[in-house]
Amino acid sequence: MSNQVKAKKHLGQHFLRDENIAKKIADTLSLEGYDDVLEIGPGMGVLTKYLLKKEITTHVIEIDTESVQYLKNNYLNLADRIYEKDFLKYNLTEIFQEKPFAIIGNFPYNISSQIIFKTLEMRQQIPEFSGMFQKEVAQRICSKEGSKVYGILSVLTQVFYEAEYLFTVPPSVFNPPPKVDSGVLLLRRKPNYKLPCDESLFFKVVKTGFQQRRKTLRNSLKAFNLSDNLKANAIFGRRPEQLSVSQFIELTSLIEKDEN
């Protein structure tokens, strides 16, 4: 293989060096319900090479010019499916049109939440999502109500996807090693991923509720100008972290129907 790529701090690059872990991440995908997979931030292709062995068409998106050049030189069969773009800003329908595809990657920590939010926006095309985050973020996405780390990211992800924390990865297998552990998670889209309530209102209720997570919903949702009748409902005496995903749907439906 030609010259190694130097990790760039401003891009949050930490290159995975452990082949076993790379293979294990590639194996997390079921490959069911789609023919294409998009890897975000492949770097020098440690995970890519295992994806290329599978019965699926692999595409990669990479913002780092040096990494793109390295991939073009070393993965000739991938050359026309390497996109030198910013995942967060790029319109992915230019690659996939309306087709479903999975997402996978060893994600830069500094943009991991934004990657999740973009996935949620495109959920009708993304039945499966697997990858490595900072351990804390992966745990937060997968946590259930009652947990200290349960929050906006947990609820907004789990309303559309089944979220499973798979395994922890130590800093020592990266170059350079990050200062924290990493965690690999898997998201599988729920069969029914359309909300039975107003979607934008749901997002607003969840975000507003958790902005003051120590307060009861009666206090944190004051901006919604709820009727006294509705505020008397016992659900408003609870804090946001005590509500399950389905209770947040129920709460949004109540607010939607509320007559001031």
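Keep in mind it's a predicted model, so treat the numbers as computed, not measured.
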Going by atom type alone, with no hydrogens or angles, which donor-acceptor pairs under 3.5 Å involve a side-chain atom of residues 200-211 and a protein atom two or more places apart or on another chain?
residue: Ser200; atom: OG; partner: Asp198; partner atom: OD1; Å: 2.9
residue: Thr208; atom: OG1; partner: Lys204; partner atom: O; Å: 2.6

Which atom pairs, donor and acceptor, lie under 3.5 Å between side-chain atoms of residues 161-173 and protein residues at least two apart or in another chain?
residue: Tyr161; atom: OH; partner: Ile126; partner atom: O; Å: 2.6
residue: Tyr165; atom: OH; partner: Thr168; partner atom: OG1; Å: 2.7

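Using a 3.5 Å distance cut-off with no hydrogens or angles, the side chains of Ser147 and Glu241 do not pair a donor with an acceptor. Looking only at atom types and distance, the side chain of Glu128 has a donor-acceptor partner in the side chain of Tyr34 under 3.5 Å away. Glu250 and Ser253 form no side-chain donor-acceptor contact under 3.5 Å, judged by distance and modelled atom types alone. Between the side chains of Thr58 and Glu39, no donor-acceptor pair is found at a separation under 3.5 Å.
Both tests do not hold together for Lys144 against Tyr150: distance to the six-membered ring centre under 6.0 Å, angle to the ring axis within 45°. Cation-pi geometry between Arg123 and Phe160 is met: under 6.0 angstrom from the ring centre, within 45 degrees of the axis.
Residue Tyr193 holds its OH atom at 6.5 Å from CD of Gln124, rounded to the nearest 0.5 Å. Atoms CD1 and CG, on Ile235 and Leu217 in that order, are 7.5 Å from each other to the nearest 0.5 Å. Note: Met132 CE to Ile104 CD1 = 10.0 Å, rounded to the nearest 0.5 Å.
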Query raised in the report: Could you go step by step and tell me if Glu84 and Thr65 meet the side chain to side chain donor-acceptor pair (under 3.5 Å) rule?
Result: CA-CA 7 Å; Glu84 189 176 343; Thr65 306; 2.7 Å; yes

Query raised in the report: What's the verdict on salt bridge (Lys or Arg N to Asp or Glu O under 4.0 Å) for Glu32 and Arg188, showing C-alpha distance, side-chain angles and the deciding distance?
Result: CA-CA 11 Å; Glu32 289 167 16; Arg188 284 211 173 105; over 6 Å; no

Requested in this report: May I have the step-by-step check of side chain to side chain contact (heavy atoms under 4.5 Å, CB included) for Leu38 and His59, ending in yes or no?
Outcome: CA-CA 5 Å; Leu38 177 67; His59 306 254; 3.9 Å; yes

Requested in this report: Please lay out, stage by stage, how Asn229 and Ser227 fare under the test side chain to side chain donor-acceptor pair (under 3.5 Å).
Outcome: CA-CA 5 Å; Asn229 192 25; Ser227 66; 5.3 Å; no

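For Asp86, the salt bridge (charged side-chain N to carboxylate O under 4.0 Å, His left out) partners at least two apart in sequence or on another chain are Lys89. Partners of Asp80 under the salt bridge (charged side-chain N to carboxylate O under 4.0 Å, His left out) rule, at least two apart in sequence or in another chain, do not exist in this structure. Residues forming a side-chain contact (heavy atoms from CB on, under 4.5 Å) with Ala22 (at least two apart in sequence, or on another chain): Leu16, Val46, Tyr50. Judged as a side-chain contact (heavy atoms from CB on, under 4.5 Å), and not counting sequence neighbours, Asp35 has no contacts.
Between Phe96 and Phe101, the ring-plane angle classifies as parallel under the 30° and 60° cut-offs.
Note on Phe87 and Leu153: same hydrophobic cluster, where clusters join Ile, Leu, Val, Met, Phe, Trp and Tyr whose side-chain heavy atoms are under 4.5 Å apart, directly or indirectly. In the hydrophobic cluster analysis, where Ile, Leu, Val, Met, Phe, Trp and Tyr join through side-chain heavy atoms closer than 4.5 angstrom, Ile61 is grouped together with Leu88.
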